[in-house]
Engineer: 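Please find one structure pasted underneath; my questions will follow.
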Amino acid sequence: MKIKAAVAREKGKLTFEELELGEPRLGEVLVKLTACGVCHTDTTVLNQDMPTPLPMVLGHEGVGVVEQVGPGVTELQVGDHVIISFPFCGHCEPCLDGRPYACDRSTELFFFGGYEDGTRRITDANGAEIGSLFGQGSLADHCVAAARACVKVDPEADLKQLCSLACGAQTGSGVVLNKQKPRPGDTYAVFGCGAVGFSAIMAAKLAGCSTIIAVDVVPSRLELAKECGATHVINGKECADVPAEIKRLTGGRGVHFALEAAGLGILVKQMLRSMRPDGYAMVVSFAGDVPLNASMDLVGSSVTLGGTVEGASNPQVFIPRLVQYYQEGRFPVDKLSRFYRFDELEKALEDSHKGTAIKPIIVF
Ligand SMILES: NC(=O)c1ccc[n+]([C@@H]2O[C@H](COP(=O)([O-])OP(=O)(O)OC[C@H]3O[C@@H](n4cnc5c(N)ncnc54)[C@H](O)[C@@H]3O)[C@@H](O)[C@H]2O)c1
Ligand SMILES: [Zn+2]
Ligand SMILES: [Zn+2]
């Protein structure tokens with residue numbers, strides 16, 4: 001079928017093209033997209049900050065309605081409302097162990113543009129193959145995705161508000177709820193208040209953290225962080241010594257848990273210096289090289305530093321919980337949404353970069 005899609009053609013060059021989308025194959029479904037969130041990782045691919053094969057249809061936070069089911073699909077039917085999360089093979093050791101975020105084939109299935117059987121689904125006007133980011137390529141009116149990556153949701157739920165559960169919000173909240181697991185009364189610091197950081201703040205509140213500190217450089221984001229659960233905010237541009245301020249706010253001890261979600265090595269360093277002894281710090285951004293003194297930053301302070309993909313989540317289990325928290329008003333991701341038409345995608349990317357849109361959502 002013919003589709004209209006946003007294609008990263010080459011480094012920094014975004015085009016809107018009419019393309020040919022193939023039929024869903026074994027274990028796949030065709031989804032008519034309602035909306036798609038824009039995550040920083042789309043920009044990472046477009047700008048080739050991480051080298052990935054292009055051309056590629058961008059978009060990996062698609063939500064929509066199943067229009068056709070391929071052979072072997074039993075868990076979904078035409079008409080189901082779905083959030084399309086990340087792909088995984090379903091057969092490797094981590095997948096069989098309930099840890100699909102650690103799938104042996106993650107890098108390939110997320111970033112190389114093909115599907116599980118190694119083939120691509122999209123061709124351009126010249127018949128050349130185009131990749132689909134995260135096995136979906138959902139900045140398009142339709143896409144094909146693996147049924148196992150599609151999480152069925154209550155048709156009453158407002159789908160277009162749930163895009164970020166596919167990636168950004170699942171990542172930030174999952175780090176807190178699936179990996180770090182703070183106890184009520186623990187303390188938490190978030191470095192970088194994008195969709196990932198905000199969802200970590202909301203999750204820290206859900207977990208009952210007593211002190212939740214948000215660090216960013218955009219004043220409007222810090223204001224919103226207070227509405228989402230932050231008990232204290234720090235403007236990194238105005239504060240001369242962020243770790244010292246975090247220690248001051250936590251009785252001189254530092255935080256139990258922290259997350260870096262801005263993508264800056266220097267913030268990872270600041271985070272490590274903000275931990276209390278035996279604290280647990282996580283990185284989910286693509287921060288690159290980090291200036292680290294292992295003796296001081298990790299060993300002497302007994303601090304654990306880790307990284308993970310997609311909030312260490314099993315989407316078929318975790319996303320329905322996040323939808324429920326959202327419907328109960330305890331995970332207000334709608335506060336992050338700003339809606340755009342498809343032809344406004346470049347403006348959406350620009351607003352995200354400028355800091356005026358936290359979670360841009362393209363509505364089809
Ligand atoms: N590991 C994963 O599975 C996964 C999933 C989703 C996103 N990501 C990555 O996580 C990161 C965050 O994603 P996002 O969509 O929330 O990004 P975003 O760009 O929306 O948010 C980044 C935030 O960092 C803030 N920031 C910039 N410089 C700062 C500084 N010096 N001090 C404090 N804050 C600063 C920005 O103002 C912004 O609010 C990105 O690197 C993204 O690629 C990883
Ligand atoms: Zn993402
Ligand atoms: Zn696997």
Side-chain angles (χ1 to χ4, degrees), residues 36-47 49-50 58-62 85-111 116 133-134 136 138 146 148 163-175 179 189-201 214-222 224-225 233-239 242 259-271 282-288 306-313 336 338 349 351-360:
C36 181
V38 179
C39 166
H40 193 95
T41 305
D42 292 297
T43 310
T44 305
V45 171
L46 176 63
N47 294 338
D49 295 329
M50 186 171 55
L58 295 175
H60 61 285
E61 289 190 342
S85 193
F86 61 87
F88 52 96
C89 83
H91 310 296
C92 70
E93 185 192 282
C95 281
L96 292 172
D97 198 31
R99 296 178 290 116
Y101 59 91
C103 174
D104 289 351
R105 293 180 60 194
S106 287
T107 305
E108 170 208 340
L109 295 174
F110 283 26
F111 294 113
E116 199 194 318
L133 188 60
F134 273 55
Q136 53 180 286
S138 44
R148 67 166 67 92
C163 297
S164 65
L165 304 195
C167 177
Q170 168 168 249
T171 296
S173 61
V175 163
K179 206 80 182 173
V190 174
F191 292 77
C193 301
V196 174
F198 269 111
S199 47
I201 292 170
V215 185
D216 205 285
V217 288
V218 179
S220 58
R221 292 194 173 199
L222 293 172
L224 186 61
V233 297
I234 300 175
N235 187 327
K237 259 192 196 153
E238 291 166 2
C239 178
V242 172
L259 170 67
E260 196 280 339
L264 294 168
I266 188 72
L267 290 189
V268 177
K269 177 94 173 174
Q270 284 185 12
M271 170 169 74
M282 295 277 299
V283 184
V284 292
S285 71
F286 300 102
T308 192
V309 168
E310 298 293 335
S313 151
L336 314 179
R338 183 153 167 192
L349 291 170
D351 287 355
S352 167
H353 182 68
K354 281 193 310 208
T356 49
I358 297 165
K359 177 52 66 182

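Every number for a ligand or one of its atoms is a count from 1 in the order of the listing.
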Engineer: For the Zn ion (ligand 2), which N, O or S atom of H60 is at the shortest distance?
Structural biologist: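 Checking each N, O and S atom of H60, the shortest distance to the Zn ion (ligand 2) belongs to NE2.
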
Engineer: Keeping S138 on the side-chain end and G59 on the backbone end, is there a donor-acceptor pair under 3.5 Å?
Structural biologist: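 Yes: the side chain of S138 pairs with the backbone of G59.
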
Engineer: The Zn ion (ligand 2) and H40: any N/O/S contact shorter than 2.8 Å?
Structural biologist: no

Engineer: Are the side chain of Q136 and the backbone N or O of S85 linked by a donor-acceptor pair below 3.5 Å?
Structural biologist: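 Checked: pair present.
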
Engineer: Taking 2.8 Å as the upper limit, name the protein N, O or S atoms near the Zn ion (ligand 3).
Structural biologist: C89 SG, C92 SG, C95 SG, C103 SG

Engineer: Can you confirm whether more than 12 heavy atoms, excluding those of H353, are under 6.0 Å from its NE2 atom?
Structural biologist: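 Check fails, neighbour count at 12 or below.
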
Engineer: If you measure only the distance, is there a donor-acceptor pair under 3.5 Å linking the side chains of E260 and S285?
Structural biologist: yes

Engineer: Within the side chain of T171, is there an N or O that forms a donor-acceptor pair under 3.5 Å with the backbone of C167?
Structural biologist: yes

Engineer: For T356 and D351, indicate whether the former's side chain and the latter's backbone hold a donor-acceptor pair under 3.5 Å.
Structural biologist: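 Checked: pair present.
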
Engineer: Looking at R99, is its backbone amide N or carbonyl O close enough to the side chain of D97 to form a donor-acceptor pair, meaning the two atoms are under 3.5 Å apart?
Structural biologist: no

Engineer: Determine whether a donor-acceptor pair (N or O, by modelled atom type, separation under 3.5 Å) exists between the side chain of R221 and the backbone of V215.
Structural biologist: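 Not at all, since once roles are kept as given, no pair shorter than 3.5 Å links the two residues.
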
Engineer: Within rounding of 10°, what is the angle whose vertex is the Zn ion (ligand 2) and whose arms end at SG of C39 and SG of C167?
Structural biologist: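 With the Zn ion (ligand 2) as the vertex, the angle is close to 130°.
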
Engineer: Between ligand 1 and the protein, which N/O pairs fall short of 3.5 Å?
Structural biologist:
{"unit_1": "ligand 1", "atom_1": "1 (N)", "unit_2": "V284", "atom_2": "O", "d": "3.0"}
{"unit_1": "ligand 1", "atom_1": "1 (N)", "unit_2": "T308", "atom_2": "O", "d": "3.2"}
{"unit_1": "ligand 1", "atom_1": "3 (O)", "unit_2": "E310", "atom_2": "N", "d": "2.7"}
{"unit_1": "ligand 1", "atom_1": "15 (O)", "unit_2": "H40", "atom_2": "N", "d": "3.3"}
{"unit_1": "ligand 1", "atom_1": "16 (O)", "unit_2": "A195", "atom_2": "N", "d": "3.1"}
{"unit_1": "ligand 1", "atom_1": "16 (O)", "unit_2": "V196", "atom_2": "N", "d": "3.0"}
{"unit_1": "ligand 1", "atom_1": "19 (O)", "unit_2": "H40", "atom_2": "ND1", "d": "3.0"}
{"unit_1": "ligand 1", "atom_1": "37 (O)", "unit_2": "D216", "atom_2": "OD1", "d": "2.7"}
{"unit_1": "ligand 1", "atom_1": "37 (O)", "unit_2": "D216", "atom_2": "OD2", "d": "3.4"}
{"unit_1": "ligand 1", "atom_1": "39 (O)", "unit_2": "C193", "atom_2": "O", "d": "3.1"}
{"unit_1": "ligand 1", "atom_1": "39 (O)", "unit_2": "D216", "atom_2": "OD2", "d": "2.7"}
{"unit_1": "ligand 1", "atom_1": "39 (O)", "unit_2": "R221", "atom_2": "NH1", "d": "2.6"}
{"unit_1": "ligand 1", "atom_1": "43 (O)", "unit_2": "T41", "atom_2": "OG1", "d": "3.1"}

Engineer: Could you tell me whether a side-chain N or O of R338 sits under 3.5 Å from a main-chain N or O of A357, the two making a donor and an acceptor?
Structural biologist: no

Engineer: Quick check on K354: does its NZ atom have over 12 non-hydrogen neighbours (other residues, nucleotides or ligands) under 6.0 Å away?
Structural biologist: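 Atom NZ in K354 is packed in, count exceeds 12.
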
Engineer: For the residue pair F110 and F86, does the interplanar ring angle fall in the parallel (under 30°), tilted (30 to 60°) or perpendicular (over 60°) class?
Structural biologist: tilted

